[in-house]
Amino acid sequence: MNTKNIDDIIELSEELRWKIGDDFHDNLSESIYSDASKIVEDVVSKGDKKSKFRLDAKIDNIVTSRIWGFPIMLFILGFVLWLTIIGANYPSSMLASLLLDNIHPILKNFGTSVGLPWWLNGFLFDGVYLAVAWVVAVMLPPMAIFFPLFTLLEDFGYLPRVAFNMDNLFKKAGAHGKQALTMSMGFGCNAAGVVATKIIDSPRERLIAIITNNFSLCNGRWPTQILLATIFIGAVVPASYSIFASLLAVIGIAVLGIFFMFFFSWALSKTVLKGEVSTFNLELPPYRPPVFWKTIYTSLIDRTLIVLWRAIVFAAPAGALIWLISNIFIGDQSIASWTVHSLDGFGFLLGLNGVILLAYIVAIPANEIVIPTILMLTVMVTGVSGGAGNGVMFELDSVMATANILKSGGWTLLTAVNVMLFSLLHNPCSTTIYTIYKETNNLKWTVVASILPVIAGFIITFLVAQIWRIFI
Amino acid sequence: MENKVKSACDTCTHFNADGLKKLGIKTDDFDFVVAFAGNPNTGKSTVFNALTGLRQHTGNWPGKTVIRAEGAFEYNEQKFKLVDLPGTYSLLSTSEDEEVARNFILFGKPTVTVIVVDASRLERNLNLVLQILEITNNAVLCLNLIDEAERNNIKIDTRILAKDLGIPVVSTSARFQKGIPELIQTISELANGKMLCKPRRIKNIPQNIENSVKELSDKLEKEYPNISNSRWIAIRLLEGDTQIIEALKTGKIATNEY
């Protein structure tokens, strides 16, 4: 390799560039296009039937219209959630009765019969096993319904239309229109949503998308919302409307999340992440009838089982930890009850309680285990009868049983509402935090993305609690 | 993951179904590298999945493939490593996803580049095809979503298309596993040199530009007798592509043999 020759070549290229002038790029592109159209002329013959394109255009006119775009989006979201709530109930209670009522005693007896010491027996079967079983019973049915439905929508081609509808809002918020897509991914899993922000070129807008992705209610949090809405919100209205009311509450939380996402995108783009909004081309792909069974199959395998596996992996050590902190005593109090009591005051300010705050600390690895943890800690602190002892994740075969425990733990409608809010507005799970760090490679932004939602959560729950207590 | 392909081609003497093993992510010790390029949302990832037996996330929206995905299959005892590139409309601008695709085709030395296009939108897709054909010699056009085109009454004469482009053309409908054996056979033949390409180079370029490109590419060829895409490099130099200039200076261009 001769450096001088190469310098010559580069120099020559600069000279020539000067000579051929500014429209080089355009001329080149034009030549390519004219080549392409010439080839197509000889090769492609079109029949006069263009019905499919027309049908696509007609559908698009409706689902992306100014008037119908948003209602249709909400309707589809509502329908998917409704199917999830209705459909998940039955298999959930079946799984619970199988894993908790039947298998758990067998395991405990087995442990006793082979002479395991009480603490090992408790640690393994009341801690680790029950946590895992609870997660499977609560998480698997809604995920097995929600994910395939979401994937069918994705395969059909609806997501780009969502992006199209929301583009204007994102622009006003100073963010990138493609954030609509990463936001939608976040509804499945925030870590996946954060990874998906790679589709956004501008670093500024990508950061905004990363930081605000946590406001998309992720899969680990949907069951919490659904359960609490069913127990507390559904109970406020007459029984015949209860499903409808809980559905509205869950959608309300999801929409509130979207609102916060816009608000913080806007706030960030007006302050620390100032800059121009970049434009982009979004192609609305043709609608494609999903390959139904294949989609169901792959979404079950790829999404449901992977997310479930993750939940189990985190639930096992969390179950163990809960059992430990409930059974290790300092003085006359277990570590858990000491922590709960010291968090109670702060919890009260937020309309929550110490149990809930501790549960959110224990559940940092996975949002999925928040409710099981809350139930277990509530049983321990209040000493509700029927519990299997300290640090045993509780056996619940029906929503009613859950309701009874929570109510005996001092829960009111306000507590439920604020837990739903706090579930939306708190730190991302540890997987997401790690993913944010990997994607931004920046400690500062990782901290911002982790802390910002918690602060928002503290403020909102505090305000709600104070106003509620004044007026209700 | 030894899925056998199930189609009429199983019994055809041309395609050796017994010789096919989908290797998933086992990409080590490969004999050939195959790149997958194409416009967004033409089903690259679906074709990629059909060949490797992997289940890369697919969905009907442009821009899903954000990270370069890799997979492999074995055919007739040769291992092919597959690289799924992000979809791009062109290789001429400077956005990041385009750079990933462009750099891989240029510097990643794929033995074969599979260009996946949407059969219903051939004209627009050809824009990218023609650009890729400037860079690489060994390519196959995968005319995907052919079922959709047929439903829309679009007929494509693949023989003339293959002749015009100078590369083999295979019609597929990857979602329904159609045309995959033919694609594998073609990739294998190209990789083993049993089939030769004579890719079309962009015509209709204004005379003054053509002359400049020629002058530069002649110089380049004199310096690097082995490079086959001197015209493309010349075009990029005229555009002032800093990465190409850098690659020239470091000699990375010269190691780019096909």
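Protein chains get the first letters and strands the later ones, always in sequence-line order, with residue 1 at the start of each.
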Worksheet item: Is chain A contacted by the side chain of B:Gln131, its backbone, both, or neither, given a heavy-atom distance below 4.5 Å?
Response: side chain
Item to complete: Could you tell me which residues satisfy side-chain hydrogen bond (donor to acceptor under 3.5 Å, both in side chains) with A:Asp42, sequence neighbours excluded, listed by chain and number?
Response: none
Discussion item. How long is the straight-line distance from CD1 of A:Ile32 back to CG of B:Leu91, given to the nearest 0.5 Å?
Written reply: 9.0 Å
Discussion item. Under a 4.5 Å cutoff for heavy-atom pairs, which residue among B:Val129, B:Asn208, B:Asn125 has the most contacts with chain A?
Written reply: B:Asn208
Worksheet, complete the sentence: Bottom line for B:Arg200: the part with an atom under 4.5 Å from chain A's heavy atoms is side chain
Worksheet item: Under a 4.5 Å heavy-atom cutoff, which of A:Ser45, A:Ser34, A:Ala163 has the most pairs with chain B?
Response: A:Ser45
Worksheet entry | Interchain contact, B:Asp118 with chain A, by part (heavy-atom threshold 4.5 Å) | side chain
Worksheet item: Do A:Thr64 and A:Arg161 have side-chain N/O donor and acceptor atoms under 3.5 Å apart?
Response: no
Item to complete: Just give me the residue among A:Ile39, A:Leu28, A:Asp8 that pairs up with chain B most often, heavy atom to heavy atom, under 4.5 Å.
Response: A:Ile39
Worksheet item: Does a side chain donor of either B:Ser120 or B:Glu148 reach within less than 3.5 Å of an acceptor in the other side chain?
Response: no
Worksheet item: For chain A, which of B:Lys219, B:Glu239, B:Lys222 has the most heavy-atom pairs under 4.5 Å?
Response: B:Glu239
Discussion item. Is it the case that the side chains of A:Asp60 and A:Tyr287 hold a donor-acceptor pair, with the cut-off being a distance below 3.5 Å and no angle test?
Written reply: yes
Worksheet item: Between A:Asn190 and A:Asn213, is any side-chain donor less than 3.5 angstrom from a side-chain acceptor?
Response: yes
Worksheet item: If you count heavy-atom pairs under 4.5 Å between each of B:Ile160, B:Leu165, B:Ile202 and chain A, which one has the most?
Response: B:Ile202
Practice prompt. Examine the side chains of B:Thr172 and B:Asn144 and answer whether a donor and an acceptor come within less than 3.5 Å of each other.
Written response: yes
Worksheet item: Do you see a donor-acceptor pair shorter than 3.5 Å between the side chains of A:Ser184 and A:Glu154?
Response: no
Worksheet item: At a heavy-atom separation under 4.5 Å, does B:Ile235 approach chain A through its side chain, its backbone, both, or neither?
Response: both
Worksheet item: Measuring heavy-atom distances to chain A, does B:Ile205 have an atom under 4.5 Å in its side chain, in its backbone, in both, or in neither?
Response: both
Worksheet item: What part of A:Ile10 is in contact with chain B, defined as an atom under 4.5 angstrom from a non-hydrogen atom: side chain, backbone, both or neither?
Response: side chain
Worksheet item: Given that the side chain runs from C-beta out, which part of B:Asp164 has a heavy atom under 4.5 Å from chain A: side chain, backbone, both or neither?
Response: side chain
